[in-house]
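Chain naming here is simple, since letters A, B, ... match the order of the sequence lines and numbering starts at 1 in each. In this text the structure is predicted, and so the values were computed from the model without any measurement.
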Number of protein chains: 2
Amino acid sequence: MLDAIRFDPRGLVPCIAQQHDTGEVLMMAWMNREAAEETLATGRVCYFSRSRGGLWRKGETSGQQQRLVELRLDCDGDTLLALVDQTGVACHTGRRSCFFLALRDGALAEIAAPEVPPEELYGR
Amino acid sequence: MLDAIRFDPRGLVPCIAQQHDTGEVLMMAWMNREAAEETLATGRVCYFSRSRGGLWRKGETSGQQQRLVELRLDCDGDTLLALVDQTGVACHTGRRSCFFLALRDGALAEIAAPEVPPEELYGR
């Protein structure tokens, strides 16, 4: 499968994480080849952090891991869809999904509240 | 909302299209500011085609349009999630979703068949 992925010139591919049973889109992040390999080998989702410039084992700090249920590839091979089982929350703000801002009545509205205080995720 | 979007150095932002009622992830494509503006103004999803270098009014050729139900933004402002009502199929191969390849038993498997022959979408 790794050979079928078309990484961009930076060596990265976007990966959408979707909760496998509810269908909720949790987040979108990037993988390089090594992150995709590790994800497939361990069954735990690993991204590539563009800000830190290294592997980002989701939940390593926060405990909010993603167990891989199935990895899918799109028609032109340049986007991944990871069906996952998310432990706790996906967002660093303590919300279940990163997509908690919605355009409603012409303005951005927060449509979900934090389920966990962020300092509880990263403060230990 | 447009001012809250963090476009990348190319002026693009990835946009995930999800069928609003079933939760199915249909596709991922890119928008520039103009495409996002047009999407919000018309209620019909418009992307930016990187291959053609211009606006891509989804369904303009194929008839398989996406009506915008709600546009969401993620926590760091660099990814959009469009909840849409997809007419027909989203994928140029005639499949409902672009994510029809899944890694199963160590190999990529096609998990969905075309619902429409592609030549019917583009042949007219």
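The contact between A/Leu108 and chain B is made entirely by side chain atoms (from C-beta outward), counting heavy-atom distances below 4.5 Å. Neither the backbone nor the side chain of A/Leu83 comes within contact range of chain B; no heavy atoms are under 4.5 Å apart. Contact annotation for A/Leu73: both backbone and side-chain heavy atoms come within less than 4.5 Å of a heavy atom of chain B. With a 4.5 Å cut-off on non-hydrogen atoms, B/Ile16 touches chain A through its side chain but not through its backbone. Contacts of B/Asp78 with chain A are made by side-chain atoms alone, with heavy-atom separations under 4.5 Å and no backbone atom involved. Using a 4.5 Å cut-off between heavy atoms, B/Arg95 makes no contact with chain A at all.
Taking a 6.0 Å sphere around CD of B/Glu34, one finds it holds 12 or fewer heavy atoms contributed by other residues, nucleotides or ligands. Taking a 6.0 Å sphere around CZ of A/Arg44, one finds it holds 12 or fewer heavy atoms contributed by other residues, nucleotides or ligands.
Contacts with chain B were tallied for A/Val25, A/Thr93, A/Thr22; A/Val25 has the most, counting heavy-atom pairs under 4.5 Å. Residue with the most contacts toward chain A among B/Gly23, B/Cys98, B/Ala4, B/Pro14: B/Cys98 (heavy-atom pairs, distance under 4.5 Å).
By the rule that hydrophobic residues join a cluster once side-chain heavy atoms approach within less than 4.5 Å of another member, B/Phe48 and B/Phe7 end up as members of separate clusters. A continuous path of Ile, Leu, Val, Met, Phe, Trp and Tyr side chains, each step under 4.5 Å between heavy atoms, connects A/Val13 with A/Met1, placing both in one hydrophobic cluster. Under a hydrophobic clustering in which Ile, Leu, Val, Met, Phe, Trp and Tyr are joined whenever their side-chain heavy atoms come within less than 4.5 Å, directly or via other members, A/Leu2 and A/Leu71 fall into the same cluster. The hydrophobic cluster containing A/Trp56 also contains A/Leu40, counting ILVMFWY residues as joined when their side-chain heavy atoms lie under 4.5 angstrom apart, directly or transitively. Taken together through direct or relayed side-chain contacts under 4.5 Å among Ile, Leu, Val, Met, Phe, Trp and Tyr, B/Leu12 and A/Leu12 form part of one hydrophobic cluster.
Put simply, the residue from B/Thr79, B/Asp74, B/Leu80 that forms a side-chain contact (heavy atoms from CB on, under 4.5 Å) with A/Met28 is B/Thr79.
A salt bridge does not link A/Arg50 to B/Asp8: none of the charged nitrogens lies less than 4.0 Å from a carboxylate oxygen.
What you find for B/Leu103 and A/Glu70 is that their closest heavy atoms are O-CG, 4.3 Å. When all heavy atoms of B/Leu81 and A/Phe99 are compared, the closest pair comes out as CB-CD2, 3.5 Å.
Between the B/Gln18 side chain and the A/Glu24 main chain, no donor and acceptor come within less than 3.5 Å of each other.
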A/Ile111/B/Arg72 under side-chain contact (heavy atoms from CB on, under 4.5 Å): CA gap, chis, key distance, verdict: CA-CA 10 Å; A/Ile111 58 171; B/Arg72 296 185 186 166; 3.4 Å; yes
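The CG atom of A/Leu101 sits 11.0 Å away from the CD1 atom of B/Ile5 when rounded to the nearest 0.5 Å.
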